[in-house]
2 protein chains.
Amino acid sequence: MAEPSKLTLASEAPCDVEHLDPNATEARRARLIPAGAAEALAETFRVLGDPTRVRIIEVLAGGELCVCDIASLVEISESAVSHQLRLLRNMRLVRARRAGRQVYYTLDDRHILSLFQQGLRHVTEERR
Amino acid sequence: MAEPSKLTLASEAPCDVEHLDPNATEARRARLIPAGAAEALAETFRVLGDPTRVRIIEVLAGGELCVCDIASLVEISESAVSHQLRLLRNMRLVRARRAGRQVYYTLDDRHILSLFQQGLRHVTEERR
DNA sequence: CTGATACCTGAGCATGTGTTCATATATTCA
DNA sequence: TGAATATATGAACACATGCTCAGGTATCAG
């Protein structure tokens, strides 16, 4: 059966020319992060890769808020907020608590907040 | 001409019910990160929000590499790598150096690498 | 020059994403 | 119960994204 992909780079043989080090690429192959880790890492960053979600996380960093307050602060429709909150909920980044008619959301992942803060430092530092 | 958006939530008045603190939302409005910062932050994270780019950054973390080596290590076509490298170049995350026929790429942003590493710690820690 | 190698780039395409709109569910109050 | 409020959800749409494919540029060898 034919291969599904034409990527023949499987074993080695990158270019025909000698590189920095003949077997440097081979040595690097061993030091790659485990399979799936790159995907998980990308997925984590992807959550923060949207301005609306960034803002939601930002306002929630100040503490618990109900949906309409989030919508008001982020200046986006409540429906859009609700959709994003579901995404964040499914990824276990926020937690919901019902209190009467409102539902209050809280950050539920200390990792995301520190990533957020470090990213913020870098962004504000860069545009000096 | 009419407003493009029907978002009337401009001033305040989130819900009709009293919140945790009557003027808490108003107080939070002042502490929001500057306009545009959320966008810049999201854009930064968005770059890391793709497995291919994560892998490219990963292999480049080990030092300078030519395009075909990157393609070989990341196991993706050279064309796809080239496209991603252009993106990373435009965002000033990598730098290119021509040496004969090959072009060697290096990481050109200390921020992205530390974000990458912190994200990696969190991901590997989470799936213990 | 010609050919070969290494990389770049535009077009096209399939897939993913974020929003709106309409509607559904849940809770409270009268 | 019925109306009003707060949130959730599905469908649809516009748009972005990442890849492949087919060429294009740049460099070097002969």
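Heavy-atom basis, side chains included; hydrogens, waters and symmetry copies ignored. So you know, we letter chains A, B, ... as the sequences are listed, proteins then strands, and number each from 1.
Computed from coordinates, the Leu87(A) CG to dT7(D) P distance equals 19 Å when rounded to whole Å. The CG-P distance, from Asp69(B) to dT5(C), rounds to 17 Å in whole Å. Note: CD1 (Ile76(A)) to C1' (dC21(C)) measures 15 Å, nearest angstrom. The CZ-P distance, from Arg97(B) to dA26(D), rounds to 19 Å in whole Å. The distance between atom CD1 of Ile56(A) and atom P of dT7(D), rounded to the nearest whole Å, is 13 Å. The distance from atom CG of Leu88(A) to atom C1' of dG18(C) is 13 Å, rounded to the nearest whole Å. Put simply, OH on Tyr104(A) is 11 Å from C1' on dA6(D), counting in whole angstrom units.
Leu32(B) is listed as a side-chain neighbour of Glu58(A), based on a closest heavy-atom distance under 4.5 Å. Two residues are said to be in side-chain contact when any heavy atoms from C-beta on lie closer than 4.5 Å; Leu73(A) and Arg29(B) meet this criterion.
The main-chain N or O of Gly62(B) is found under 3.5 Å from a side-chain atom of Arg28(A) such that the two form a donor-acceptor pair. Judged purely by atom type and a 3.5 angstrom limit, Ser72(B) has no side-chain atom pairing as donor or acceptor with the backbone of Cys68(B). A distance-only check finds no donor-acceptor pair linking the side chain of Arg55(A) to the backbone of Ala38(B) [under 3.5 Å].
Annotation for Arg92(B): atom CZ does not count as buried by contact number, only 12 or fewer foreign heavy atoms lying within 6.0 Å.
The side chain of Tyr105(B) contributes an N or O atom lying less than 4.0 Å from OP1 or OP2 of dC8(C). For the pair Arg53(A) and dG18(C), the criterion of a side-chain N or O lying under 4.0 Å from OP1 or OP2 is met. Considering only side-chain N and O atoms, Gln84(B) lies nowhere under 4.0 angstrom from the phosphate OP1 or OP2 of dT17(D).
When the side chain to side chain donor-acceptor pair (under 3.5 Å) test is applied to Ser79(B), no partner is found at least two apart in sequence or on another chain.
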For nucleotides 27-30 of chain C, list the nitrogen or oxygen atoms of the protein found under 3.5 Å from its nitrogen or oxygen atoms, one pair per line.
residue, atom, partner, partner atom, Å
dT28(C), O4', Arg101(A), NE, 3.3

Atom pairs under 3.5 Å, N or O on each side, protein against nucleotides 9-16 of chain D: can you list them with distances?
residue, atom, partner, partner atom, Å
dT9(D), OP2, Arg89(A), NH2, 3.2
dT9(D), O4, Ser79(A), OG, 2.8
dG10(D), OP2, Arg86(A), NH1, 3.1
dG10(D), O6, His83(A), NE2, 2.9

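With Ile112(B) as reference, Ile57(B) is the one residue of Ile57(B), Leu88(B), Val47(B) to meet the side-chain contact (heavy atoms from CB on, under 4.5 Å) rule. Under the side-chain contact (heavy atoms from CB on, under 4.5 Å) test applied with Tyr105(A), the options Leu65(A), Val81(A), Leu93(A), Leu60(A) reduce to a single match, Leu60(A).
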